[in-house]
Amino acid sequence: MSIKSRIDRVDLRPFRFWFQLLAFVFLVYGGHLAVDLGNSLPTFSCGYNSQGTAGVCYLLPLQHQLAQPWERLFSPAGMAVLGGFGLFILWFVVLNKAWCGYICPLGTIQDWITGLRKRIGIPYSNYSDDHFNKLKVIKYFLLLALIFIPLAIGGQFISHDWGVPFCKICPARMIIPAFNGDFSQWTIDFSSNTKMVLTALGMFIVGLFLVGSFVKKRFFCFFCPMSAFHFIFSKLSILKLKKDGSKCTVCGDCYRVCDMQIKPIADDVKSVDILKDDCILCLKCVAACPEEGALKVDVLGKTIFEATRGGFSKRMGMEKNDD
Amino acid sequence: MKHSLILLLLGLLLSSKLFASTEQLWFSDQPPDKSMIKKMRMRHGGYVHVDKGVDVKQLWLRRGDSLQKSAYLESAEGEYQVLNVQADLDQPEIEKNSKQQSIRFPMPDEGYYNAYFTERLVSNSILGVKTAKAEILKHNCRNGHKYDRSLVNPQQWNDAPLDIVRLRLPEEDFHTRIRSGTLVKFQVFHQGKPAIGANVKLETKRGWIKSTLSDEQGIASFQIIQDNFFDADKAEKAGKKVERGHGGRVRIRDGYLVTAQYQTDEAGVLADKSFSKTEYTVSSTGRYYPQQLAKKSSEQALWFASAGMLVMGVGGYSYRRRRVKPFKEEQFDEH
């Protein structure tokens, strides 16, 4: 059996579980071993996890840099912003949105909470189509806010107390350092009204996150501005999720396994590049597809993993019965 | 009458001269002309100039006991030295375009730089050796945070007449701040050896003073006072003008001046003046901040998190309940 056939028949669930676990340990504890991947990672490797982090989520330095005084930001010194952005793109083009499905520590925590729910036997929740379409816009608003609020600070329209606004409300700031025993972010800052409101909102969102990800798979990813930021540049990536509509029977298996409830993955038989803005590139849809070559993952135009009947049969445990 | 007036004036002049000689000599990184700050960049170790991408520190010599009111010196006779990150001695450049006495030196590497100025004067048969010291951190977050931890350790100049070294806090890194309530330790060295029994005084910007003697290792400890930090909002409400920085930021911090005095029986002659004792003095400055948790509450935070959990729990449950379609039994008439 060729290597390609072996990959197509791989049991994705344990592979993903161990990959995510390793990525989590690397990003959350790697700093203790002096690992430093820089400040431009396209994933929630939280910079507030000061000693443990092996690299910092790009949204933190981006907000810092955009809050510089405008005369500095729009001068040659502002080139540093472009430098950081360039590094972010370099990291991003390699894995596309698989940063969310395989690397993101906050995403992994949500998958662990989902695993706990499954063990307890509580059924998960889904949004109605109407609510799905309304709620998915929130991440774009958050992305705009995390760009324009720091710019407004730089222009001296609003106070510096608004600094790094998204990080103040991001649950990763509280949850990821806690894995290193650091609960110092679990506080409300009363030093100004703005900080008080933002930190209180942040703690409220932690509460929403913990219960939300228990009842809804990848609850937070749906609102994540990093996901929106990824989608803007996803066309640049060398890793693509592709669909051959002529081979699709619209059976809906891909939709049923999708943690993000992306309906077009089943319904859309026209688009070739099927990556949607909410996609986390977990590839569960490819693994669940029974149609030969209907869904596939390409790197620089070369297919590395695709839906096959053999792979589907093996993963469903049908192969043994056939024997 | 005329003679007595001249004598009085002479007396005043002499006493002011004597007083001046007991005042501390120290380095400040605050420019006398505040408009200069606009051309400078703020780093973890205070304001710097940036010359061809390299941070350049400028320090001004000041004399006096008050961090707020001490005068900037227009001239000073003595020796300048800079101990760089590699513990090599460099000569700083003396700023010529400044009315006040100041030095500049580049800080290309991450870590601590130490600047010294030493003046020697004989007065009343006592040689006064006064050293102004500044310990400046060079750190830019852009360079990352996986630096060699030994760079955090203090440097010591063994040939310094009298040196004062702030000992590092447990787990200290480039971002660690001294806060109210922190026990800060200073070690005093006389020509590279611990100075036992040196008189060490710490005075904050707001005037809190504490003195102690160094122990057998030359160490003197101070617990930083819980200070009445400047409250910008309160001051503005009271009609006072507050200088706010970029984005309305007011840095809540205060400064201290720490001075060590050490006397020996060294005798000799300096500039044709003989002396029978030598009094060494060294002064250095530092900053301290409010306690990290002084304006933060973990209890309230847990209340907010619990509220979030409750809202999500109740909201999620009712959302699910609303979407459950009631069971409808369809009956077909098969007849």
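Chain A is the first sequence line, chain B the second, and so forth, proteins listed ahead of strands; every chain is numbered from 1. In what follows, every heavy atom counts, from backbone to side chain, and hydrogens, waters and symmetry copies are set aside.
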For the interface with chain A, which of B:E299, B:R149, B:E171 has the highest count of heavy-atom pairs at distances below 4.5 Å?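 Answer, by heavy-atom pair count under 4.5 Å with chain A: B:R149.
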
Against chain B, work out which of [options] has the most heavy-atom pairs shorter than 4.5 Å and name it.
| options | value |
| --- | --- |
| A:W162, A:W186, A:F157 | A:W186 |
| A:R72, A:M203, A:K216 | A:M203 |
| A:G55, A:G83, A:P123 | A:P123 |
| A:T53, A:V215, A:V35, A:N126 | A:N126 |
| A:I188, A:V211, A:N39 | A:I188 |

Heavy-atom contact with chain B under 4.5 Å, split by part of [X]:
| X | answer |
| --- | --- |
| A:A80 | side chain |
| A:V56 | neither |
| A:S192 | neither |
| A:H64 | neither |
| A:D36 | both |

Once you round to the nearest 0.5 Å, how far does CG of A:D189 lie from NZ of B:K296?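 With rounding to 0.5 Å, CG (A:D189) is 5.0 Å from NZ (B:K296).
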
Are more than 12 heavy atoms, taken from residues, nucleotides or ligands other than [X], located less than 6.0 Å from that residue's [atom1] atom?
| X | atom1 | result |
| --- | --- | --- |
| B:W303 | CH2 | no |
| A:N193 | CG | no |
| B:Q86 | CD | yes |
| B:F304 | CZ | no |
| A:F74 | CZ | yes |
| A:F183 | CZ | yes |

Can you tell me which portion of B:R322 sits under 4.5 Å from chain A's heavy atoms? Options are side chain, backbone, both or neither.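 Neither part, no heavy atoms under 4.5 Å.
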
For B:Y319, is it the side chain, the backbone, both, or neither that has a heavy atom closer than 4.5 Å to a heavy atom of chain A?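 Answer is side chain: those atoms of B:Y319 sit under 4.5 Å from chain A.
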
Can you name the nearest heavy-atom pair linking A:F190 to B:Q300, along with the distance?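 Answer, listing the atom of A:F190 first, then B:Q300: CZ-CG, 3.9 Å.
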
Looking only at heavy atoms, what is the nearest atom pair of B:S298 and A:T187, with distance?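 The answer is OG-CG2, 3.3 Å.
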
Are any side-chain N or O atoms of B:R323 and backbone N or O atoms of A:S125, one a donor and one an acceptor, separated by less than 3.5 Å?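 Between the backbone of A:S125 and the side chain of B:R323 there is no qualifying donor-acceptor contact (under 3.5 Å).
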
Which of these passes side chain to side chain contact (heavy atoms under 4.5 Å, CB included) with B:M312: A:F219, A:F204, A:F214, A:F209?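 Going through A:F219, A:F204, A:F214, A:F209 one by one, the side chain to side chain contact (heavy atoms under 4.5 Å, CB included) with B:M312 is satisfied by A:F219 alone.
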
